[in-house]
Protein chains: 2
Amino acid sequence: MSAESKQTGRSNTDLRKLNLSYVLSQVHYANSTTRSEITKATGLNRSTVLTLLDSLEKRGLVIQGSKSDHSDIGRPSMSVNASQSVVSFAVLPRLNELNLGVVGFDGSIITQARLPLKTGTTPETASSMAAEWIENIRKTLPAETLISGVGVAAAGAIKTLSGEIRLAPSLGWSETAFKELLSEKIQLPVAIDNDAGLWCSAEQKFGVGRGHQHMLLLIGVNGGLGGGAVVNGQLVRGQDGYAGEFGHMRISDKTQKDYSGIPGTLEAMVRREDIIKTLGAGSISDAQLFELVESSKSKKLEAVLNEQTKYLGRAIGVLLNAFNPEILVLAGFLELFVNFRKEQLIREISSQSLPFAAENLIIVRGTRGNDLLMVGTAELGFEGLIRNPLKYPLTQA
Amino acid sequence: MSAESKQTGRSNTDLRKLNLSYVLSQVHYANSTTRSEITKATGLNRSTVLTLLDSLEKRGLVIQGSKSDHSDIGRPSMSVNASQSVVSFAVLPRLNELNLGVVGFDGSIITQARLPLKTGTTPETASSMAAEWIENIRKTLPAETLISGVGVAAAGAIKTLSGEIRLAPSLGWSETAFKELLSEKIQLPVAIDNDAGLWCSAEQKFGVGRGHQHMLLLIGVNGGLGGGAVVNGQLVRGQDGYAGEFGHMRISDKTQKDYSGIPGTLEAMVRREDIIKTLGAGSISDAQLFELVESSKSKKLEAVLNEQTKYLGRAIGVLLNAFNPEILVLAGFLELFVNFRKEQLIREISSQSLPFAAENLIIVRGTRGNDLLMVGTAELGFEGLIRNPLKYPLTQA
DNA sequence: ATGAGTTTGTTGTTTATTACAACAAACTCA
DNA sequence: TGAGTTTGTTGTAATAAACAACAAACTCAT
């Protein structure tokens, strides 16, 4: 499909920008690589790669090492690494905490903090807390540090272009211009997106979805079920950024409602709470949950899981028919179904979707831990830099 | 998202290829335009556009007219038109007929034919019929005609890259390498895709979806319900080309089955047949159907339509949550719901999806008639040419 | 009609960027 | 230790777009 996406005529300068951008993204996603590998990957001439890398190095974005350890024949190629001196901030407001971090362009988490967030904290207050933390950290960073930007991840409906949080039930926020609120306090470029979508994107770039151009992610937590889709290597955001709300897909005539009040949706039918209740457990982690499920012999649990697997399979079937992805990632408590119900799940999927859409599908668990989401959120702050490596407004720390 | 899609390093020659491709697509989609408009649209220098257009004209792809009728101030800009001497063939095998056509690069349908297709005709026979017709037409074309390629559209599961028809129920075909079958008979590049997806793409390029980057299409005919999605200006095909099978989305616990045997799907709940039966009508066209519905006072029809609107709204809600498109196109007999049930439909949609995903949505009828699909199918034959205007293997007629 | 004002076509020159060629450098291996 | 191989580096060539200048073709006011 070569419809006009938004491409326009390209000049010589644009050509260089494209090549710089591609080389920089190679370095960023590979973290550590060599000049000769970049030469092979780009298909550009050795001397051209030299020029490109030199100008990236001059800007402080990459570091060319003297030699890379290897044992191949021929002169060893110079190592190329993403600079740790270029950083992006990640801001993740959540139910009870404000999770903050500094992430290096090499993908390392340099610092992070968890500030408690009282219920009812306003966006105004939360953004001030984040701004203050960022300013304090900024002072402690080495003088040569360059700041690329700030990424914010929130659970809810986010209008990505304008940076508004339309509704974030777990935070009790609505209709807030959060991007503006934060950016005017810290004078840095801020981007904001839905957390599930960012997770999806992060799995594709750094996690289990590496190398896949078409993927789906479903993630279940206590208060909801979200998702994301990658099509042709790009996260699907839609017109305003509300795409990927797979939790609210209605798949049943049943009347039980999800956290948004819509009946019969995936989020209404597949609930962590219901499993916890059946187990008679309290507030436990996913890991603990999986242990309990594994050791349980409860018939009632069996029934609940059967029912949930049925509906999860149905929803996945719908999504496969729509997207025909290469890989499906189940994260959060949904890992449970990969761990203990994979066969049943696959049966449900195949009985409820066209066989073709599922025939080459890979189903995997998501990457454990919250580090991936933090890196993925910081990624928002790197996007502008990668798109335009030499002109993007990098700020001195 | 600037993940590595499939971009690679770009040379000066690639730069020219990109610009040629962009200019050519501009001319193709606008059909008739002027040099100065291309200059504005591309942002390239006047002299550069001159060079680009000259080399396209030398290859016989565009025609630069002496003058364009206008009444603006200043020297009039030269008109630029897509050449009608460049053509693509469209092949559309259907239930009872083989629809064939020659489409000019300017979007005009030059010739078309409908050959009867007996039930049970094999892919081998059908491809021979198509090949024979193409060879005959080829002889009648002016000597300077250049053939870009052949596009095939079929209803069913099409593995687009390999060109296999995995299953086409209405034709009774399965597991057929149709692309290979046809291409070896005519020695022309052949591409094949799902008809609903092509319709969607055609609506975006030439029809009601013009200018939209995110759109959805649902199309209902007698034997089934298909769809397509455009994300970031590109048709979503997925891993193998099976994406967009919205008819087989399961949205209900009910057990009535669709034409593929899956229960409770959109295709099972919203059926043209059921409306026809309620009306007591026989084999009628969509236009006749709409007239009958408009004049009917039947309570039974009322009930059937209410029920179908409910499920259609539910399915649309699911899709809006997934894709957040700018525009939704309802085509085939589904136009009915835009004509007579739009308010109810919108109510159903909003009660079953997040309000945000639908707030800026445009709902429209599809473009009437089969011409659009023919043009869209021929488009498959133009894709290679547009991607690489100077090197693509154009064949003399 | 006529000339000022405006926009586009065309051509020669300049600038930017990558490719190419040649050689030096750094490694492996026999 | 030297042949073979691959990479780094540098100077030059090739390619493509931008720029500048002028001619051409039109509108509009006088």
Side-chain angles (χ1 to χ4, degrees), chain A residues 7-24 26 32-59 62-80 388-391, chain B residues 7-24 26 32-59 62-80 388-391:
Chain A
Q7 69 183 140
T8 174
R10 300 269 159 78
S11 70
N12 276 323
T13 325
D14 296 328
L15 178 62
R16 161 134 302 189
K17 202 197 292 181
L18 281 174
N19 283 337
L20 281 169
S21 168
Y22 184 56
V23 168
L24 188 61
Q26 287 278 313
S32 183
T33 178
T34 64
R35 277 238 281 253
S36 82
E37 271 179 50
I38 293 174
T39 307
K40 270 175 221 146
T42 55
L44 297 171
N45 189 279
R46 270 211 311 277
S47 60
T48 308
V49 174
L50 167 79
T51 325
L52 293 169
L53 282 172
D54 276 359
S55 72
L56 290 174
E57 188 170 42
K58 205 167 288 171
R59 253 242 141 171
V62 306
I63 296 162
Q64 300 188 74
S66 49
K67 51 181 76 182
S68 60
D69 50 334
H70 79 137
S71 56
D72 274 342
I73 206 168
R75 178 172 176 173
S77 190
M78 290 173 78
S79 71
V80 181
N388 192 354
L390 298 188
K391 293 281 173 58
Chain B
Q7 70 182 140
T8 175
R10 299 269 160 79
S11 70
N12 274 323
T13 324
D14 296 327
L15 178 62
R16 161 130 308 185
K17 202 198 290 182
L18 280 176
N19 284 336
L20 282 169
S21 167
Y22 183 56
V23 168
L24 189 60
Q26 286 278 314
S32 184
T33 178
T34 63
R35 278 238 280 254
S36 82
E37 271 179 51
I38 293 173
T39 307
K40 269 175 221 146
T42 55
L44 297 170
N45 189 280
R46 269 210 312 277
S47 59
T48 309
V49 173
L50 167 78
T51 324
L52 294 169
L53 282 172
D54 275 359
S55 72
L56 290 175
E57 186 170 44
K58 206 168 287 170
R59 253 240 143 173
V62 306
I63 297 163
Q64 301 189 72
S66 48
K67 49 182 78 183
S68 62
D69 49 335
H70 80 139
S71 56
D72 274 342
I73 206 169
R75 177 172 176 174
S77 189
M78 289 173 79
S79 71
V80 181
N388 192 353
L390 299 188
K391 292 281 173 55

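Residue numbers begin at 1 in each chain, while the letters A, B, ... track the order of the sequences.
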Where A:Ser55 and A:Leu20 come nearest, the two heavy atoms and their spacing:
OG-CD2, 3.5 Å
Is it true that the side chains of A:Thr51 and A:Asp54 contain a donor and an acceptor less than 3.5 Å apart?
no
Secondary structure of DNA chain C in dot-bracket form (Watson-Crick or G-U wobble, distances below 3.5 Å, | marking inter-strand pairs):
||||||||||||||||||||||||||||||
Within the side chain of A:Arg59, is there an N or O that forms a donor-acceptor pair under 3.5 Å with the backbone of A:Leu390?
yes
Between A:Gln26 and A:Ala41, what is the shortest heavy-atom contact and its length?
OE1-CB, 3.6 Å
Whichever of B:Gln64 and B:Asp14 has its nearest DNA chain C nucleotide further upstream toward 5'
B:Gln64
Give the nucleotide from the list C:dT6, D:dT6, D:dT7 with an atom nearest to the side chain of A:Ile73.
D:dT6
Please say which of B:Val23, B:Thr42, B:Leu24, B:Ile38 ends up in a side-chain contact (heavy atoms from CB on, under 4.5 Å) with B:Leu52.
B:Val23
Distance test, side-chain N/O of A:Ser36 to OP1/OP2 of D:dT7, below 4.0 Å
yes
Assert: residue with more 5' nearest nucleotide on DNA chain D, out of A:Asn12 and A:Glu37, is A:Glu37
Taking all heavy atoms of B:Arg10 and all of A:Leu18, pick out the closest pair and write down the distance.
NH1-CD1, 3.8 Å
Where along residues 44-51 of chain B does a heavy atom fall under 4.0 Å from DNA chain D?
B:Leu44, B:Asn45, B:Arg46, B:Ser47, B:Thr48
D:dA25, C:dT10, C:dT8: which one has an atom nearest the side-chain heavy atoms of B:Arg35?
C:dT10
Return the nearest nucleotide to the side chain of B:Pro76; candidates are D:dC26, D:dA17, D:dT7.
D:dC26
